[in-house]
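All values below were derived from every heavy atom in this structure, side-chain atoms included, with hydrogens, water molecules and symmetry-related copies excluded. Along the sequence shown, the residues carry numbers beginning at 1.
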Amino acid sequence: MKWWQNSVIYEIYPKSFYDTNGDGIGDLKGVEKKLPYLKELGIDAIWLTPIYLSPQVDNGYDVADYRKVDPMFGSNDDLKELIRKSHDLNIKIILDMVANHTSDQCAWFKESKKSRNNYFSDFYIWKDPKPDGSEPNNWAASFGGSAWTYVPERKQYYLHYYASQQPDLNWENPIVRQYIYDAMRYWKAQGVDGWRLDVITQISKDLTFKDAPRVVDRKYVPLKNTSGPHMHQYIHELNQEVLKLFEMMSVGEAPNSSIKEILDLTSPKRQELDMAFSFEHMRIDKAAKENGALALKQPDFLQLKKVLSKMQYELNNKAWNALYFENHDRSRIPSRWGNDTKYRYESATAFATILHGLKGTPFIFQGEEIGMTNPKYSVEEYEDIDLKNKYQEQVKTKHLLNANEFLAIEHKIARDNSRTPMQWNGEKNAGFTTGIPWYKINPNYFRINVESDKASEKSIFKYYQRLIKLRHNEEILTKGNYEELLRDDKNIFAYKRNLNRKSWLIIVNMTDNILSLKSLEADLKRYSKVILHNYKGKITNNEFKPYEACILEKRL
């Protein structure tokens, strides 16, 4: 097996992890200082979200210089030192490559916008206006508004799938591709072990640039498919030029990809990516309204089971799963799908059990291992450009929602919910900084923090430690087949993992109700050895407690 198939990867949002110089912003020295903590947790690799020079319009996902660490995080030498010290602890380092777009402050774009006939003029996607001077087509940007912005110097529009300050690179230009590959080679030379590839499936565009099918009351239409005709060709080329050549692990973000497309991206014989993040299972509480208004519904756990099971079956022995519930773009699971008050420990460990029992590589987001929760901030207190743009569009401009309705949704799903500073202890600023935090700390840090969790009888951290140890020590988790049970049960997620003569039964109550396990009564008699359980006491088939979770082994 490859090293990443037997690993647990920990995502760090450096800005919010740990600040060592008192400026209120987390830094690379902060990550270095917390390496013993991460080693104690048991993780094998760290994924750092972008630490490159950036105006921070989209928290670093707008890169101005791919080869320079932003001074807010430290220096290139600090990153080299972090890599060295991590390797000393057998912890690998994965960087985030934003290859679809740059910042508008990148030297490439500054040159490109000057004229239509300079060296960088074709580094981005420029199109003439329509005869009436309007945008080349009706595509919407993901952060709201048009996906096109006009530049008078060229008398053309440039394409940006995200903020106007994030122009999309033109991957049709082979020189652009080499510039990206060279940046990746540079960091390989510094000792980087792998890559998370931001929205990598969007690097190839629909070259017809036709209008998207019109939607009532919407001037600009979101694209349902953002993968262009050369996407696989370019990712394969990236593999051959960088990933395979230097034996670097890769996990791609695949926003609109189906499970079949995930399989195509990650099948080893195609030599593209090692893993890909699917979004499908994270949409179980999203609702759609024709007028474009944001909407949520109760989480559909039957759909969650269906999607995760399909991933397990479809990729089994053909490709490798990337397993996650939380990351820098996702909310805290106890707040989103669980119960972040009465059953915070139980719901955090329940969903962790579901995820870590599956076949694939689990990813943990900072704070997930102590059950951090969503804050409930006002619009003014959030930082995210996506949220602020959507508030302007949904509430102020189109009046699709009122402010309270908008906040009720964002308190559940906003990207910023997971970006609050890490809660280390109950002291000032949660032990994150001695200065003024760049972003408001969740007020519940007095109760929820690393120090108090590790000392608690109900320690989520210690539960994660045990899950990670199982991943390292039990081949059944990395090599065993998956077998779904209770397929139509909307409250209980139950499945088996089987390898040779060993068999494990994983059962999780996804609700805050007491449920019956009568339908598993026969299995419970055979699977009587408890490997892991998030409650004290016996597991009974007539009283499966709120968010109860267990891993059981079959007695031979």
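Side chains of Tyr162 and Gln202: a donor-acceptor N/O pair is present below 3.5 angstrom, by distance only. Between the side chains of Glu427 and Tyr445, no donor-acceptor pair is found at a separation under 3.5 Å. Thr433 and Trp438 are not linked by any side-chain donor-acceptor pair at a separation below 3.5 angstrom, with hydrogens and angles left out of the test. In summary, the side chains of Asn256 and Thr226 do present a donor paired with an acceptor at a separation below 3.5 Å, with no hydrogens or angles considered. In this model, a donor atom of one side chain and an acceptor atom of the other lie less than 3.5 Å apart for His87 and Asp193. In summary, the side chains of Trp139 and Ser146 do not present any donor paired with an acceptor at a separation below 3.5 Å, with no hydrogens or angles considered. Inspection of the Ser418 and Asp416 side chains reveals no N or O donor paired with an N or O acceptor under 3.5 Å. Between Ser54 and Asp62, the side chains place a donor N or O and an acceptor N or O closer than 3.5 Å (distance only, hydrogens not considered). Trp3 and Asp44 share no side-chain donor-acceptor pair at under 3.5 Å. Side-chain contact check for Thr420 and Asn442: no donor-acceptor pair (N or O, by modelled atom type) lies under 3.5 Å. Checking Asp453 against Ser459 by side-chain atom types alone, a donor-acceptor pair falls below 3.5 Å. No side-chain N or O of Tyr495 forms a donor-acceptor pair with one of Gln312 less than 3.5 Å apart. Counting only N and O atoms by type, the side chains of Thr373 and Asn444 include a donor and acceptor under 3.5 Å apart. There is no side-chain donor-acceptor pair under 3.5 Å between Lys412 and Asn374.
Taking the six-membered ring where tryptophan is involved, the planes of Phe365 and His328 are tilted, since the angle between them lies from 30° to 60°. Relative orientation of the Phe325 and Phe351 rings is perpendicular, given thresholds of 30° and 60° on the angle between their planes. Note: His533 and Tyr535 have tilted aromatic rings, judged against thresholds of 30 and 60 degrees for the angle between ring planes. Relative orientation of the His356 and Tyr464 rings is perpendicular, given thresholds of 30° and 60° on the angle between their planes. Note: Tyr463 and Tyr345 have perpendicular aromatic rings, judged against thresholds of 30 and 60 degrees for the angle between ring planes. Ring geometry for Phe301 against Trp337 counts as perpendicular: the plane angle is over 60°, on a 0 to 90° scale with 30° as the lower cut. The aromatic rings of Tyr324 and His281 sit perpendicular to each other, their planes meeting at more than 60°, with 30° as the lower class boundary. Note on ring orientation: taking the six-membered ring where Trp is involved, the planes of Tyr391 and Phe406 are perpendicular (angle over 60°, cut-offs 30° and 60°).
For Lys440, the NZ atom sits in a packed shell: over 12 heavy atoms of surrounding residues, nucleotides or ligands are nearer than 6.0 Å. Heavy-atom neighbours of Lys454 NZ from other residues, nucleotides or ligands within 6.0 Å: above the threshold of 12. Open room surrounds NZ on Lys342; 12 or fewer heavy atoms of other groups in view lie less than 6.0 Å from it. Summarising the local packing, NZ of Lys310 is surrounded by 12 or fewer heavy atoms from other residues, nucleotides or ligands at distances under 6.0 Å. Atom NZ of Lys396 has 12 or fewer neighbouring heavy atoms from other residues, nucleotides or ligands inside a 6.0 Å radius.
Between Glu393 and Lys390 there is no salt bridge, since none of the side-chain N atoms of the basic residue sits less than 4.0 Å from a carboxylate O of the acidic one. Salt bridge status for Asp198 with Arg196: present, with a side-chain N to carboxylate O gap under 4.0 Å. In summary, Asp285 and Arg336 engage in a salt bridge, as defined by a charged side-chain N under 4.0 Å from a carboxylate O. Between Glu346 and Lys545 there is no salt bridge, since no side-chain nitrogen of the basic residue lies less than 4.0 Å from a carboxylate oxygen of the acidic one. Ion pairing between a basic and an acidic side chain is recognised when a charged N comes within 4.0 Å of a carboxylate O; Asp384 and Arg419 show such pairing.
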Working note: Asp329 + Arg415, criterion salt bridge (Lys or Arg N to Asp or Glu O under 4.0 Å); need CA distance, chi angles, decisive distance, verdict. CA-CA 4 Å; Asp329 282 335; Arg415 302 195 305 173; 3.3 Å; yes
Would Phe363 and Leu323 count as a side chain to side chain contact (heavy atoms under 4.5 Å, CB included) if you check the C-alpha gap in whole Å, the side-chain angles of each, and the deciding distance to 0.1 Å? CA-CA 6 Å; Phe363 287 74; Leu323 308 170; 5.7 Å; no
Candidate pair Trp424 and Phe17, rule ring pair (Phe, Tyr, Trp, His ring centres under 6.0 Å), full reasoning: CA-CA 9 Å; Trp424 294 103; Phe17 193 60; 5.2 Å; yes
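At distances below 3.5 Å, not a single donor-acceptor pair connects side-chain atoms of Asn417 with backbone N or O atoms of Arg332. In this structure a side-chain-to-backbone donor-acceptor pair under 3.5 Å is missing from Glu314 to Met311. Thr397 places a side-chain N or O within donor-acceptor distance of the main-chain N or O of Gln392, the cut-off being under 3.5 Å. Remark: the backbone N or O of Asp300 is not paired with any side-chain donor or acceptor of Gln303 at under 3.5 angstrom.
Within the model, atoms CE of Met248 and CH2 of Trp4 stand 14.0 Å from one another, a figure rounded to the nearest 0.5 Å. Tyr66 OH to Trp187 CH2: the interatomic distance, rounded to the nearest 0.5 Å, is 13.0 Å.
For Lys260, the salt bridge (Lys or Arg N to Asp or Glu O under 4.0 Å) test picks out Asp264, with sequence neighbours left out. For Glu272, the salt bridge (Lys or Arg N to Asp or Glu O under 4.0 Å) test picks out Arg270, with sequence neighbours left out.
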